[in-house]
Amino acid sequence: MKAVKTASGPSRRSFLQWSAIAGASVGLVGCSNSNVQYSHTDDSGTLVPNGTGRLDVDKTVSSACIVNCGSRCPLRLQVKDGTVVRVLPDNTGDETLMNRNILACVRGRNMRERIYNPDRIKTPLLRVGAKRSDGEFKAISWDEAIDLIVEKLRYTYDTYGPEAIYKNYGSGVWNALVAYSGGWHRLFNLLGGHLNYYGNYSYLQISQCTRYVYGSPDEQISNSIEDCIDNSKLIVFWGNNPLETRMSGGGIAYTATRAKKAGVKIIVVDPRYSDTASLIADQWIPIRPGTDAALVAAMVHVMLSENLHDQAFLDKYCIGFDEQHMPEGAPKNASYRSYVEGKGEDGIEKTPEWAAQITGIPADTIRKFAREVATSTPVNINQGWGPQRHANGENQANSIYLLACVTGNVGIPGGGTGGRDGYYWPLSQWLDDGTNPVETSISCYKWTDAIDHGPEMTALKDGVHGKDKLDVGIKFMVVYGSNMLSSQHGDINRTREILDDDTKCEFIVGMDNQMTASMKLCDLVLPDTTTAERWDLVPSEYTGELAYEIMVEQAIDPLYEARSSIEVTTEIAERMGIGEEFAHGKKTTEDWARDVHEMTRKDQPQFPTFDELRDMRVYRYNPDEHVVPLKEFREDPEANPLETPSGKIELYSSQLAEMAKTWEFPDPLPGDRLTPIPEYVPTREGVEEARTNKKYPLQVIGHHYKSRTHSTYGNLSKNREAHPQKAWINIQDARKRGIANGDQIRIFNDRGTIQTQAFVSARIAPGVVSVPQGAWVEWDENGVDHGGAVNVLTSQHPTPLSKGNGQHTNLAQVEKV
Ligand SMILES: Nc1nc2c(c(=O)[nH]1)N[C@H]1C(S)=C(S)[C@@H](COP(=O)(O)OP(=O)(O)OC[C@H]3O[C@@H](n4cnc5c(=O)[nH]c(N)nc54)[C@H](O)[C@@H]3O)O[C@H]1N2
Ligand SMILES: Nc1nc2c(c(=O)[nH]1)N[C@H]1C(S)=C(S)[C@@H](COP(=O)(O)OP(=O)(O)OC[C@H]3O[C@@H](n4cnc5c(=O)[nH]c(N)nc54)[C@H](O)[C@@H]3O)O[C@H]1N2
Ligand code: SF4
Ligand SMILES: [Mo]
């Protein structure tokens with residue numbers, strides 16, 4: 001039944017066992033060694049090889065793990081007597097690179113523990129506590145819950161208008177074509193609209209700064225790793241940790257491991273000796289967080305002094321690198337080269353010695369690294385989103401792009417743009433949200449401000465788009481598939497304070513399938529189904545050149561009183577008199593999934609029918625060629641100009657120079673400024689402050705962790721046992737504080753205090769602490785979080801250009817408990 005259109009060519013290499021990655025993360029059911037693949041344990045707890053287990057089940061249905069890890073894995077759910085008794089990985093592929101099985105990681109294989117978790121929300125719940133943070137609820141019926149939503153929606157539209165209605169960012173359901181919006185935006189759009197947000201927490205900074213360099217309205221993706229396997233000499237994973245953040249067998253953990261096996265050299269630039277550094281890298285360059293733009297400047301200094309830069313590329317494809325190629329009206333000595341050579345405004349030459357004292361990387365290492373990157377053409381400089389999730393994230397990201405240009409790697413096989421590894425965008429259609437009549441939007445990070453003081457927010461000061469200012473704050477908010485209120489947004493304590501004043505945001509509806517800390521802050525909580533309890537479809541995304549669509553069949557009846565979001569929004573629409581426009585007769589998740597699939601097939605008639613896809617489980621349709629973005633531009637820049645004002649890559653942006661004059665930064669903190677070139681900008685709570693701040697001398701970041709996807713899976717006992725929450729701290733910093741490995745420590749700043757276990761190690765740069773982000777909060781009576789949620793420590797202060805989440809920029813102190 002498999003319809004396979006692979007991109008396999010003579011240079012594609014044969015299957016590599018998954019063990020390199022699985023071996024590092026095994027601990028739950030579902031693992032493999034180099035010879036045998038195991039999928040589950042038998043009743044005695046013994047591992048059973050794939051295909052040999054007892055299969056006395058009623059049925060095996062196609063499902064998927066849809067959490068937002070960026071990979072998207074098929075799962076086979078085996079059902080006995082209406083219960084999911086076993087979770088098996090994909091077996092629709094084979095042992096070739098481009099048709100490989102898209103093996104779920106240990107999280108997805110532990111899906112049963114999420115389906116049958118005691119934290120499942122069982123009925124609709126109405127807040128009865130005086131304050132939201134009291135977290136007290138009573139059970140109510142679905143009828144009452146829907147009546148209440150209808151009443152509050154009518155009231156909010158009548159009293160405040162559509163800009164007071166908001167659905168918060170939430171990535172927990174993003175990866176399924178129907179569940180991703182659950183119908184909420186469709187409902188609001190038909191009722192008169194809602195306040196929009198732009199960007200996302202994943203890559204807000206890079207998505208807003210790229211347009212000034214490459215002219216792309218989003219991030220500028222780079223060559224695929226499949227291309228690197230065949231063509232690169234070197235891959236630099238720059239603040240990018242795919243062995244932990246892209247753990248699917250369909251994902252970059254797999255292809256990056258293949259690149260390593262194919263002999264491509266790998267260097268990792270990261271404050272941590274990450275799983276990627278430890279498992280596949282030839283070299284680790286530890287860097288102080290937020291200082292990448294300084295490292296890049298010094299590398300360019302070395303390249304210029306030793307004539308290793310690609311002048312021909314810069315002349316032909318870029319403006320702004322040197323004084324001879326500046327846009328009209330730019331001041332003298334404003335080029336990047338002048339900045340590096342000390343002829344710019346600050347008069348400082350950006351030597352390796354200068355960068356060494358900022359980045360913590362020895363000058364000699366910087367020199368060697370610069371030479372290696374310049375001479376290993378083609379090199380794929382592959383930036384993750386860690387560098388851009390900083391207070392100076394826009395310049396961090398743009399500086400790494402710049403390095404790809406200075407070395408002439410853009411648009412060629414084996415090279416890259418300096419962005420993240422490329423992928424083939426799936427062809428599927430998503431549930432149609434309709435059109436929002438409201439054009440106003442805020443950055444996705446500014447919702448707490450829009451609740452707290454919306455009407456004070458302006459375009460020039462707060463990045464309001466589509467309007468000069470907001471006229472009303474957020475008054476009605478939906479929190480669906482989102483743990484923003486008390487886990488994933490910055491500064492959890494400030495957020496709770498804002499939400500506790502229910503004269504600001506007057507009504508909050510939450511919908512999740514687990515009773516998270518965010519649900520506990522809502523006024524009305526709705527029990528959603530899990531993916532096992534509904535129909536849907538799941539497209540591929542960050543799986544490089546693997547493109548596919550997964551069938552999600554309902555495996556079991558909804559547990560308790562759970563109902564799927566689209567069925568709930570369909571009913572709300574009916575009660576509000578727009579049922580026909582909303583649903584055109586559709587009622588169930590299956591109706592909606594079939595409808596969405598038909599929309600896809602209208603554009604893509606080669607796709608299988610819905611029922612064919614049920615048999616296939618996974619439909620694969622890889623591209624025929626490697627993903628090499630900006631290839632046409634490289635071949636003929638005149639015929640294929642970029643969407644920048646000059647049509648070229650703008651290493652100096654006149655647009656940014658203009659914005660720097662008009663944008664307002666009242667009460668600025670260090671770093672609150674725009675620069676036309678990606679220079680190094682010291683910021684609030686950056687490395688300079690760390691070195692002078694006696695109270696809070698440690699830089700705290702929060703990497704994405706294999707135990708969870710953000711907070712999702714964070715409440716499961718097996719995941720916690722395999723990968724407990726631990727804060728990484730360097731041996732020197734621990735010793736100074738009398739801290740031994742495994743000790744309980746407190747990490748605190750003016751925003752809050754968390755307590756967790758110390759992981760004392762040389763795997764993290766001195767002066768840096770990393771608290772894996774997404775742990776579930778566990779408050780004690782003194783307001784100390786014993787779960788270890790890093791966002792107790794993070795700031796809501798937005799980044800200068802994108803008004804985004806510099807959540808990796810924090811200072812704190814650590815002490816032994
Ligand atoms: N400090 C710090 N904070 C960060 C980050 C960081 O690096 N550092 N990273 C940021 C990034 S990149 C992101 S994308 C955000 C992610 O932030 P969120 O999108 O809030 O991600 P999760 O914490 O996984 O929350 C998803 C929620 O969806 C729920 N969910 C799962 N399946 C379903 C379902 O079927 N139905 C419903 N209704 N709900 C479901 C889960 O139970 C969970 O509560 O966090 C950001 N926060
Ligand atoms: N297991 C797992 N996988 C996930 C997720 C998850 O929560 N868990 N979340 C998913 C989501 S939604 C997203 S957006 C992606 C996130 O993907 P990323 O944003 O790329 O992940 P991070 O862990 O925030 O950062 C990547 C690396 O950058 C390093 N880093 C931090 N600051 C700096 C810096 O200033 N300079 C340099 N050079 N490096 C720095 C971190 O130590 C980390 O190893 O991951 C996805 N995959
Ligand atoms: S968490 Fe990501 S890699 Fe793991 S099973 Fe789910 S989709 Fe796949
Ligand atoms: Mo993300």
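Hydrogens, waters and symmetry mates are skipped; everything else that's a heavy atom, side chains included, is used. Counting starts at 1 for both ligands and their atoms, following the listed order. Along the sequence shown, residues are numbered consecutively beginning with 1.
Residue Gly290 approaches ligand 2 through these ligand atoms, each under 4.0 Å from one of its heavy atoms: 34 (C), 35 (O). Atoms of ligand 2 lying under 4.0 Å from any heavy atom of Trp238, numbered from 1 in the order shown and given with element: 38 (N). Taking a cut-off of under 4.0 Å to the non-hydrogen atoms of Asn241, the atoms of ligand 2 that pass are 44 (O). For ligand 2, the atoms lying closer than 4.0 Å to a non-hydrogen atom of Lys706 are 1 (N). Against a heavy-atom cut-off of under 4.0 Å, Arg272 is close to the following atoms of ligand 2: 42 (O), 43 (C), 44 (O).
Put simply, the side chain of Gln383 gets close to the backbone of Ala397: a donor and an acceptor are under 3.5 Å apart. A donor-acceptor contact shorter than 3.5 Å links the side chain of Gln205 to the backbone of Asn805. Not a single donor-acceptor pair under 3.5 Å links the side chain of Glu721 to the backbone N or O of Leu716. No donor-acceptor distance shorter than 3.5 angstrom exists from the side chain of Ser248 to the backbone of Arg72, with no hydrogens or angles considered.
Residues Leu177 and Pro539 form a side-chain contact, since some pair of their non-hydrogen atoms from C-beta on lies under 4.5 Å apart.
Aromatic ring orientation, Phe759 versus Trp728: perpendicular (interplanar angle above 60°, classes split at 30° and 60°). Using a 30° and 60° split on the angle between ring planes, Tyr201 and Tyr169 fall in the tilted class, from 30° to 60°. Aromatic ring orientation, Trp447 versus His489: tilted (interplanar angle from 30° to 60°).
Heavy atoms of Ser770 come nearer than 4.0 angstrom to ligand 2 in no pair at all. Taking a 4.0 Å cut-off on heavy atoms, Arg246 registers as neighbouring ligand 2. For Gln396, the heavy-atom gap to ligand 2 drops under 4.0 angstrom.
Taking distance alone, with nitrogen or oxygen atoms compared against 3.5 Å, Gly239 approaches ligand 2 more closely than that limit. Close N/O approach between Ser274 and ligand 2 is not found [any backbone or side-chain N/O within under 3.5 Å].
Only the side chain of Ile287 comes within 4.0 Å of ligand 2, counting heavy atoms alone; its backbone N, CA, C and O stay farther away.
Two rings, from Tyr180 and Trp430, have their centers less than 6.0 Å apart.
Checking each of Trp174, Tyr203, Tyr423, Tyr254 against Tyr542 for a ring-ring contact (aromatic ring centres under 6.0 Å, His included) leaves exactly one that passes, namely Tyr423.
Residues meeting the ring-ring contact (aromatic ring centres under 6.0 Å, His included) test with Tyr401, sequence neighbours left out: Tyr214.
For a heavy-atom separation below 4.0 Å, the residues in contact with ligand 1 are Asn68, Arg114, Tyr169, Gly170, Ser171, Gly172, Val173, Tyr201, Ser202, Arg389, Tyr480, Gly481, Ser482, Asn483, Met484, Gln488, Met511, Asp512, Asn513, Gln514, Thr516, Asp528, Thr529, Arg534, Gly702, His704, Thr709, His710, Ser711, Thr712, Gln773, Val790, Asn791, Thr794, Gln807, His808.
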